[in-house]
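Worksheet: the structure to be examined is printed underneath.
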Amino acid sequence: LVGGQTNRSWLLDTDAGRAVLRLNYEQGPKLGIDRGREALILKALSDKPYVPPLWYQKPILGCQVTGFVAGELYDIHTLPSEHHPLLREIVEDYQGIVLPPIAPMDYHEYLLRYWVRCRTEGLIEPEWYTEWEAFVPELKAFQEADWTPVLCHHDLEGRNMIVSDAGLTILDWEYAHLGHSEFDLTPQYERSSPLPTSTIRQLNSWLSRLWEALRAASEHSAIESKN
């Protein structure tokens, strides 16, 4: 299956129907992925109709099998407007789920780890430094503000939504974590109203920028090691 930016997936024909075999990206921890946390979250979501049915999962073996969902792939920017109310319902539903004890996301620490790794590997563009120094105090204040952590997918920017005859399905929960309630819907707000979500927009922009740099560097290293 093409389109995935992190893992490798294959479509399988089985006696029980079509399935998707996902082989986890070996450098997942480098990108902040915790497969144990992902497994806990998927277990908590197992009865939800907007999550692909989980057939098998073994983080230690680096693989996962889910039922195949046929439909059109979208991200939060391209999702047709008629599906926005349903997406909001879904987000509000999973944000109300009570999870096993999981430490909430520290966005400042998480992004700082990305930054340090990128700087160590020489991936920071010179013009990023001034912007970064201006944003860090704002991010610290955001992290220390009084907000209640809820379950967030954290990657609806990716093409992780399928519209099918059965409704809307959310894929790839590997970056899911307890986080800020506005994170998953902030890009959608931008279409209609200037809500005070600039910190989250900047956070999302930095996460995407640094993630892309790390991912590209990892791919380059993998290619070199094979040659």
Side-chain angles (χ1 to χ4, degrees), residues 5-6 28 31-35 37-42 44-45 48 50-51 73-79 81 83-115 118 131-132 134-162 168-215:
Q5 292 184 293
T6 303
L31 299 176
I33 297 172
D34 183 330
R35 298 299 181 186
R37 184 181 64 237
E38 180 191 19
L40 286 173
I41 289 172
L42 286 177
L45 292 168
K48 298 299 182 181
Y50 49 79
V51 178
L73 276 171
Y74 295 97
D75 60 39
I76 200 167
H77 299 289
T78 59
L79 184 70
S81 58
H83 299 291
H84 291 182
L86 178 56
L87 174 60
R88 180 177 292 277
E89 287 180 19
I90 289 173
V91 171
E92 290 176 350
D93 182 72
Y94 66 67
Q95 286 185 346
I97 291 175
V98 178
L99 294 172
I102 297 175
M105 179 111 167
D106 186 325
Y107 291 105
H108 173 255
E109 180 184 345
Y110 189 91
L111 192 60
L112 184 61
R113 285 200 300 267
Y114 267 27
W115 175 267
C118 283
E131 186 182 350
W132 171 258
F135 179 56
V136 168
E138 182 179 343
L139 180 58
K140 283 183 178 179
F142 170 79
Q143 184 64 44
E144 293 168 1
D146 185 19
W147 48 270
T148 302
V150 294
L151 178 59
C152 293
H153 182 278
H154 284 129
D155 195 22
L156 296 182
E157 294 272 338
R159 297 176 71 226
N160 287 325
M161 290 180 279
I162 293 181
L168 187 61
T169 302
I170 311 294
L171 308 175
D172 295 343
W173 292 80
E174 58 197 351
Y175 293 101
H177 208 313
L178 289 176
H180 196 285
S181 62
E182 292 183 6
F183 193 100
D184 283 352
L185 290 175
T186 290
Q188 201 179 52
Y189 292 152
E190 295 175 3
R191 298 182 178 201
S192 56
S193 61
L195 293 181
T197 55
S198 63
T199 302
I200 295 177
R201 285 198 298 270
Q202 290 184 74
L203 171 60
N204 222 338
S205 174
W206 274 111
L207 284 169
S208 297
R209 192 185 318 182
L210 298 177
W211 184 94
E212 290 286 353
L214 286 170
R215 185 72 177 91

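The first residue in the sequence is number 1, and the count goes up from there. None of the values given here were measured: they were computed from a predicted structure.
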To the nearest 0.5 Å, what is the distance between [atom1] on [X] and [atom2] on [Y]?
{"X": "T199", "Y": "R201", "atom1": "OG1", "atom2": "CZ", "answer": "9.0 Å"}
{"X": "L31", "Y": "L210", "atom1": "CG", "atom2": "CG", "answer": "11.0 Å"}
{"X": "L171", "Y": "L73", "atom1": "CG", "atom2": "CG", "answer": "6.5 Å"}
{"X": "E92", "Y": "D184", "atom1": "CD", "atom2": "CG", "answer": "11.5 Å"}
{"X": "E131", "Y": "Q202", "atom1": "CD", "atom2": "CD", "answer": "7.0 Å"}
{"X": "Q143", "Y": "D106", "atom1": "CD", "atom2": "CG", "answer": "4.0 Å"}

**Prompt:** So, are R35 and E38 salt-bridged, with charged N and O less than 4.0 Å apart?
**Reply:**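 Looking at E38 together with R35, the answer is yes, because their closest N to O distance falls below 4.0 Å.
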Which heavy-atom pair separates [X] from [Y] by the least distance, and what is that distance?
{"X": "L178", "Y": "L99", "value": "CD2-CD1, 3.7 Å"}
{"X": "L214", "Y": "C118", "value": "CG-SG, 3.5 Å"}
{"X": "H180", "Y": "V150", "value": "C-CG2, 4.5 Å"}

Looking at side-chain heavy atoms only, is the closest gap between [X] and [Y] below 4.5 Å?
{"X": "L87", "Y": "I76", "result": "yes"}
{"X": "E138", "Y": "S198", "result": "yes"}
{"X": "I170", "Y": "L45", "result": "no"}
{"X": "D93", "Y": "Y50", "result": "yes"}
{"X": "I97", "Y": "K48", "result": "yes"}

**Prompt:** Sub-3.5 Å donor-acceptor pair from the side chain of Q95 to the main-chain atoms of S181, do we have one?
**Reply:**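 Yes, because the side chain of Q95 sits within donor-acceptor range (under 3.5 Å) of the backbone of S181.
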**Request:** Would you check if the side chain of D172 reaches a backbone N or O of N160 as a donor-acceptor pair within less than 3.5 Å?
**Result:**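 No, because the side chain of D172 does not come within donor-acceptor range (under 3.5 Å) of the backbone of N160.
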**Prompt:** Is there a donor-acceptor contact under 3.5 Å linking the side chains of W211 and Y175?
**Reply:** yes
**Item:** Step-by-step side chain to side chain contact (heavy atoms under 4.5 Å, CB included) determination, W115 to V136
**Value:** CA-CA 11 Å; W115 175 267; V136 168; over 6 Å; no
**Message:** Please confirm whether the ring centroid of Y94 lies under 6.0 Å from the ring centroid of W173.
**Reply:** yes
**Message:** I'd like to know whether the aromatic ring centres of Y74 and H83 sit less than 6.0 Å apart in this structure.
**Reply:**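 Ring centroids of Y74 and H83 are no less than 6.0 Å from each other.
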**Full working for ring pair (Phe, Tyr, Trp, His ring centres under 6.0 Å) between H177 and Y110** = CA-CA 12 Å; H177 208 313; Y110 189 91; 7.6 Å; no
Look at the rings of [X] and [Y] and say which category their plane angle falls in: under 30° parallel, 30 to 60° tilted, over 60° perpendicular.
{"X": "F183", "Y": "H154", "answer": "perpendicular"}
{"X": "W132", "Y": "W206", "answer": "perpendicular"}
{"X": "Y107", "Y": "W147", "answer": "tilted"}

**Message:** Please check if the number of heavy atoms outside K140 that lie under 6.0 Å from its NZ is greater than 12.
**Reply:** no
**Worked check of side chain to side chain contact (heavy atoms under 4.5 Å, CB included) between L79 and L168** = CA-CA 10 Å; L79 184 70; L168 187 61; 4.0 Å; yes
